[in-house]
Amino acid sequence: MIGVGKIKQYSNVLDKPLSKGKQEVSSSAFAFLFSELVQYNQTQVDNIAELERRLEDAGYAVGARVLELLCHRDKGNRRETRLLGILSFVHSTVWKVLFGKVADSLEKGTEHEDEYMISEKELLVNRFISIPKDMGTFNCGAFVAGIVRGVLDGAGFPAVVTAHFVPMEGQHRPRTTILIKFGEEVLRREARLG
């Protein structure tokens with residue numbers, strides 16, 4: 001019986017295959033860790049804009065790594081080269097890996113050619129957060145905006161990405177919209193590719 005019961009030994013951790021592993025994280029564990037991230041950054045800043053910027057920077061690092069991981073695992077190290085392709089990748093693949101489902105909607109802005117919006121009725125980072133009255137406009141969605149910016153920058157689509165609350169009729173909590181405003185060079189390249 002050759003090979004029965006033998007486990008292949010790897011001499012180096014880099015030789016081991018990348019397994020997909022368990023892709024679920026406990027919501028309470030994530031909420032605790034994210035709460036600690038917000039509280040730590042809150043002690044380091046003086047205003048809400050600076051806190052959102054720090055959360056966005058933390059999300060940017062996550063986004064860059066998520067792009068590398070997904071391109072390696074799912075796409076054979078190939079990346080999207082077209083604008084709609086990368087938006088679809090973020091809206092579906094990235095969102096599903098991070099939040100367990102596809103984003104609620106992906107829309108093109110009506111006022112500007114270079115704006116797109118990803119909307120989520122109940123974004124995970126805002127689900128367990130209660131915002132004090134003195135921090136009225138604070139949006140933890142800045143972390144997710146940073147993730148999206150990290151993915152887009154890493155793929156060669158520089159953009160300004162921001163998170164906004166949008167009130168909804170009949171809903172107590174507003175939905176979160178991630179606004180993506182692409183750089184001029186992205187639009188020129190897309191027009192050239194045609």
Side-chain angles (χ1 to χ4, degrees), residues 13-14 16 18-74 89-106 117-155 157-168 171-181:
V13 72
L14 297 175
K16 291 182 180 179
L18 283 175
S19 65
K20 289 198 176 189
K22 192 174 181 182
Q23 292 189 353
E24 292 183 16
V25 175
S26 162
S27 294
S28 58
F30 173 78
F32 175 73
L33 288 173
F34 188 71
S35 171
E36 289 298 314
L37 175 70
V38 171
Q39 289 176 32
Y40 171 76
N41 283 302
Q42 192 174 1
T43 63
Q44 306 295 313
V45 299
D46 296 325
N47 58 42
I48 294 169
E50 183 67 18
L51 177 57
E52 286 180 343
R53 188 197 61 75
R54 287 179 69 110
L55 287 176
E56 185 181 340
D57 290 346
Y60 184 90
V62 172
R65 286 168 178 81
V66 164
L67 174 69
E68 292 296 325
L69 180 68
L70 292 177
C71 284
H72 182 73
R73 279 188 182 164
D74 299 341
F89 176 71
V90 170
H91 169 261
S92 58
T93 307
V94 171
W95 222 263
K96 196 168 195 175
V97 165
L98 294 176
F99 305 115
K101 67 181 196 77
V102 174
D104 290 339
S105 68
L106 171 64
M117 296 165 279
I118 297 175
S119 295
E120 186 71 39
K121 289 182 185 145
E122 196 171 334
L123 192 61
L124 180 65
V125 296
N126 288 330
R127 186 178 303 160
F128 303 109
I129 300 292
S130 57
I131 300 170
K133 297 259 189 235
D134 62 329
M135 297 181 72
T137 61
F138 174 62
N139 188 343
C140 288
F143 181 73
V144 176
I147 292 173
V148 171
R149 188 170 64 88
V151 169
L152 293 174
D153 275 1
F157 293 85
V160 175
V161 184
T162 53
H164 305 276
F165 284 128
V166 178
M168 292 173 49
Q171 297 286 330
H172 175 65
R173 296 183 69 120
R175 74 177 178 186
T176 303
T177 297
I178 306 296
L179 179 65
I180 304 165
K181 186 171 178 65

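- Residue L67 holds its CG atom at 11.0 Å from OG1 of T93, rounded to the nearest 0.5 Å.
- In this structure, CD1 in I178 is found 12.5 Å from NE2 in H91, a value given to the nearest 0.5 Å.
- No side-chain heavy atom of T177 sits less than 4.5 Å from a side-chain heavy atom of I118.
- In terms of heavy atoms, C140 sits closest to V38 at SG-CG2, 4.2 Å.
- Between atom OG of residue S92 and atom NZ of residue K101 there is a gap of 12.5 Å, rounded to the nearest 0.5 Å.
- Looking at S35 and Q39, their side chains do bring a donor and an acceptor atom within 3.5 Å of each other.
- Within 6.0 Å of the CZ atom in R65, the count of heavy atoms belonging to other residues, nucleotides or ligands does not exceed 12.
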*List the steps and the verdict of side-chain contact (heavy atoms from CB on, under 4.5 Å) for W95 and E120.*
CA-CA 10 Å; W95 222 263; E120 186 71 39; 2.9 Å; yes
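- Dense packing is recorded around CG of N47, with more than 12 heavy atoms of other residues, nucleotides or ligands lying under 6.0 Å away.
- Considering Y60, F34, F138 as possible partners of F143, the one that fulfils the ring-ring contact (aromatic ring centres under 6.0 Å, His included) test is F34.
- Counting heavy atoms from C-beta outward, M117 and L106 have side chains that stay 4.5 Å or more apart.
- To the nearest 0.5 Å, the span separating CG on L123 from CZ on R127 amounts to 8.5 Å.
- Atom CZ of F30 is surrounded by more than 12 heavy atoms from other residues, nucleotides or ligands within 6.0 Å.
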*Run the numbers on I147 and L98 for side-chain contact (heavy atoms from CB on, under 4.5 Å), then give the verdict.*
CA-CA 10 Å; I147 292 173; L98 294 176; 3.6 Å; yes
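- More than 12 heavy atoms of other shown residues, nucleotides or ligands fall within 6.0 angstrom of atom CZ in F99.
- Formation of a donor-acceptor pair under 3.5 Å by the N41 side chain with backbone atoms of L51 is not found in this model.
- In this structure the side chain of R54 reaches within 4.5 angstrom of the side chain of Q44, judged on heavy atoms.
- Between L152 and P158 there is no side-chain heavy-atom pair separated by less than 4.5 Å.
- For the residue pair N126 and T176, a side-chain donor N or O sits within less than 3.5 Å of a side-chain acceptor on the partner.
- Between E56 and R53 there is no salt bridge, since none of the side-chain N atoms of the basic residue sits less than 4.0 Å from a carboxylate O of the acidic one.
- Atom NZ of K181 has more than 12 heavy atoms from other residues, nucleotides or ligands within 6.0 Å.
- Rounding to the nearest 0.5 Å gives a distance of 5.0 Å between SG of C71 and CZ of F89.
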*Do I180 and F157 pass the side-chain contact (heavy atoms from CB on, under 4.5 Å) test, and can you show the C-alpha distance, the side-chain angles, and the key distance before you say yes or no?*
CA-CA 11 Å; I180 304 165; F157 293 85; over 6 Å; no
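- Heavy atoms only, all atoms of each residue included: A163 and A142 are closest at CB-N, 3.7 Å.
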